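To start, the structure under review is shown below, and the notes come after it.
One-based numbering, in listed order, for ligands and for the atoms of each. We count residues from 1, following the sequence as given. All heavy atoms count here, side chains included; hydrogens, waters and symmetry mates do not. Keep in mind the model is a prediction, meaning the values are calculated, not measured.
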Amino acid sequence: MSRSSKTVIIGGVAGGMSAATRLRRLDEAAEIIVLERGGYVSFANCGLPYHLSGIIENRSSLLLQTPQSLASRFGLDVRVKNEVIGIDPVAKTVTVVDLDAGSEYVESYDFLVLSPGASPIIPSIEGADRALVLRDIEDVDRAMSALSGTVKTAVVMGAGYIGIEVAENLHLRGLAVTIVQRGAQVLSALDSEMASYMQGKLEAEGITVLLQTEVSKIHSTSVLLSDGTHIPADLVFSSIGVVPETTLAVNAGLTIGARGGILVDDFQRTSDPSIFAVGDAVEKVDAISGDSRLATLAGLANRHGHAVANVITGQHAVPASAALGTAIVSFGSVTAASTGWTEKALRAQGREIRVIHSHPAHHAGYYPGAETMHVKLIVDPHSDLILGAQGVGGAGVDKRMDVLVTAMFAGLTASSLAQLELSYAPQHGSAKDPINMLGYVNRNIAEGLTQTVQWHEIQSLLESGSVLIDVRTEAEHDAGHIPGGICIPVDTLRDHVGSLAGKNVIVHCQVGQRGHTAARLLSQHGIQVSNLDGGYLTWQAGSLASHSQPTPLKGK
Ligand code: FAD
């Protein structure tokens, strides 16, 4: 009988541990060694921010498994505080430092799986050694110890998903939090008008958001900003992004991709056939463009770890699915989620796109507790396939985003969203669910029944002579309107058809629905008309986003 195979796995958290446990389920005889630099394996990285506030009260809740529990259930040889410092792909060995013993040893392998993750970026500025990061249990311990002193103020560098989670939890702990963001909006994975709802929520809850600003220097209790002002900062967190951990791979001569991650094939195999790599350290294939991309997401790490075990055992191996980059974050009652490409990224590539904004209630409006959500769909007008989607709002955003992700994965057209038979009772949805509505709106545009314009096109259309008609009621118009718009409520629009003949008309309402009715009315009278996609609400969100300027600060 041939010797059972020996697999060494570097990194014992998301990707690494998925590979290890799946491998054991497929091969009871395999020798499986997991080498982890840190003191813990299989911990809940995604839960770390929530321990800062005490939402996840017990530190032990973050520790999902121990080397002992993994040994008993899965027969794994898990070695924490064992750092791999080198790979010899010819000898098929790794050199390991036992960090407690301070000794070095060599371990052989038949297969090697790299899942070393990505390291948080800390800016190279004076005082950066005071910046906290959040990647592992040791980091959260450092942060908790810093929080145990007298701390009142915190600066969070970066307004991405982790930055917002850290800010929320420090805020819940009672700290005055300032987010300092280099870009012109929070959550760069969203388009600006969608991200502005999240910025509004952050500010409404008392978080200071400084855009187009950087931290230039970290002092002992304050930071110096790029505009020359100082703000108090008992704590400073760096959440400005991560870089794939590729040192081992580079030194072993493995191929690194153009995005800086380890290059793997569809079966997670690196340029060395005995070495696999998964998780944040590797490049993925972008589901929309087919190009290489980085996507640092737990679901992908877990899925690809699972896939590697299939390949190693030669069982159930299927090519890895491409990455959409689906992500979600909440701040209090507001959730923001995105998948696929943004409008800004597609426009920057010169892609022709169809864009739809809608603002539905998350369940039937007549049933108590309906909350408004903001949804955006970006569609290829030629194939009608969905290229990206974003959602911001309260309840129900996650559910709609997951339906859209499923539709994208399955290759459904945007118009076919209208036909999905989704679960409905008044407290759960609507007979025409927000997803169905996106399908209807898309089909109306695709079939030429209605034309739309985007919020960012209004200004130039008005300058070139278009007439903007607000078809909401006068009360709604008076409460806030787009400059240059004339109020003609939809119910009286037929009386004005004569005066609009021959003009290029843009109609808008609050969210786009009455605008669509108005556009249909006018176009049937031969008037050239477009409806403002997403109505006043989208225009307002977009205008707020484009006018976001660095907030003036008081000097110290
Ligand atoms: P990791 O899980 O980071 O594991 C890598 C391990 O390898 C580390 O423990 C490291 O110590 C070890 N290692 C590295 N080098 C060596 C070496 N030389 N020798 C031995 N061991 C080594 N994703 C989501 O999808 N949703 C979320 O809500 C979400 N929230 C997050 C919140 C936070 C605070 C963080 C940090 C991440 C979050 N992520 C989230 C991302 C997600 O955690 C990662 O995508 C996922 O953990 C990547 O898995 P991985 O196996 O590649 O790396």
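One finds the CD atom of Gln390 at 4.5 Å from the CG atom of Leu190 (value rounded to the nearest 0.5 Å). To the nearest 0.5 Å, the span separating CD on Glu168 from CZ on Phe331 amounts to 5.5 Å. In this structure, CG in Leu422 is found 9.0 Å from CG in Leu417, a value given to the nearest 0.5 Å. Atom-to-atom distance recorded for Ile55:CD1 and Arg173:CZ is 12.0 Å, nearest 0.5 angstrom.
Among the atoms of Asp280, some N or O lies under 3.5 angstrom from an N or O of ligand 1. The shortest N or O to N or O distance between Leu297 and ligand 1 is under 3.5 Å. The distance criterion of under 3.5 Å between nitrogen or oxygen atoms is not met by Ala281 with respect to ligand 1.
Of the candidates Ser115, Gly39, Gly11, the one placing a heavy atom closest to atom 5 (C) of ligand 1 is Ser115. One option in Leu99, Val84, Leu134 has a heavy atom closer to atom 36 (C) of ligand 1 than any other, and that option is Leu134. Nearest-heavy-atom check against atom 35 (C) of ligand 1 across Ile162, Val140, Leu300 picks out Ile162.
Using a 4.0 Å cut-off between a side-chain N of Lys or Arg and a carboxylate O of Asp or Glu, Arg293 and Asp291 do not qualify as a salt bridge. Salt-bridge formation is detected for the pair Glu205/Lys201: a Lys NZ or Arg NE/NH1/NH2 atom is positioned less than 4.0 Å from an Asp or Glu carboxylate oxygen. One finds no salt bridge joining Asp98 and Arg79 here, because no Lys/Arg side-chain nitrogen approaches an Asp/Glu carboxylate oxygen to under 4.0 Å.
Proximity to Ile10 (heavy-atom distance under 4.0 Å) selects the following atoms of ligand 1: 16 (C), 17 (C), 19 (N), 20 (C). Heavy-atom proximity to Leu248, at under 4.0 Å, picks out these atoms of ligand 1: 18 (N). Proximity to Asn82 (heavy-atom distance under 4.0 Å) selects the following atoms of ligand 1: 20 (C). The distance from ligand 1 to the heavy atoms of Glu245 drops below 4.0 Å at these ligand atoms: 14 (C), 15 (N). Each of the following atoms of ligand 1 lies closer than 4.0 Å to a heavy atom of Arg135: 3 (O), 5 (C), 8 (C), 10 (C), 36 (C). Against a heavy-atom cut-off of under 4.0 Å, Thr296 is close to the following atoms of ligand 1: 41 (C), 45 (O). Short contacts between ligand 1 and Ala301, defined as distances under 4.0 Å to a heavy atom of the residue, involve ligand atoms 48 (C), 49 (O). Within ligand 1, the atoms closer than 4.0 Å to a non-hydrogen atom of Gly279 are 52 (O), numbered from 1 in the order shown.
Here Ala14 has heavy atoms under 4.0 Å from ligand 1 in both its backbone and its side chain. The residue Val329 has no part lying near ligand 1, judged by heavy-atom distances below 4.0 Å.
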Going through the distances and angles, do Asn169 and Ser53 end up as a side-chain hydrogen bond (donor to acceptor under 3.5 Å, both in side chains)?
CA-CA 5 Å; Asn169 285 283; Ser53 61; 2.6 Å; yes
Passes side-chain hydrogen bond (donor to acceptor under 3.5 Å, both in side chains), Tyr161 versus Ser338? Steps please.
CA-CA 11 Å; Tyr161 288 82; Ser338 64; 3.0 Å; yes
Between Ser292 and Glu283, is the side-chain hydrogen bond (donor to acceptor under 3.5 Å, both in side chains) condition met? List the steps.
CA-CA 6 Å; Ser292 273; Glu283 295 194 356; 3.2 Å; yes
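Ranking protein heavy atoms by distance to atom 53 (O) of ligand 1, first place goes to Gly117 CA, 3.3 Å. In terms of protein heavy-atom proximity, atom 4 (O) of ligand 1 is closest to Val13 CB, 3.5 Å. In terms of protein heavy atoms, atom 8 (C) of ligand 1 is closest to Glu36 OE1, 3.6 Å. Closest to atom 22 (C) of ligand 1 among all protein heavy atoms lies Arg37 CB, 3.7 Å. Counting protein heavy atoms only, atom 24 (C) of ligand 1 is closest to Ala298 N, 3.4 Å. With hydrogens left out, the protein atom closest to atom 43 (O) of ligand 1 is Asn45 CG, 3.4 Å, a heavy atom. Of all protein heavy atoms, the one lying nearest to atom 40 (C) of ligand 1 is Cys46 SG, 3.3 Å.
Counting heavy atoms from C-beta on, the side chains of Leu134 and Val140 come closer than 4.5 Å. Looking at heavy atoms from C-beta onward, Ile328 lies out of side-chain contact with Met401 at the 4.5 angstrom threshold.
Between the side chain of Thr406 and the backbone N or O of Leu404 there is no donor-acceptor pair closer than 3.5 Å.
Donor-acceptor pairing under 3.5 Å is recorded for the side chains of Lys6 and Ser108.
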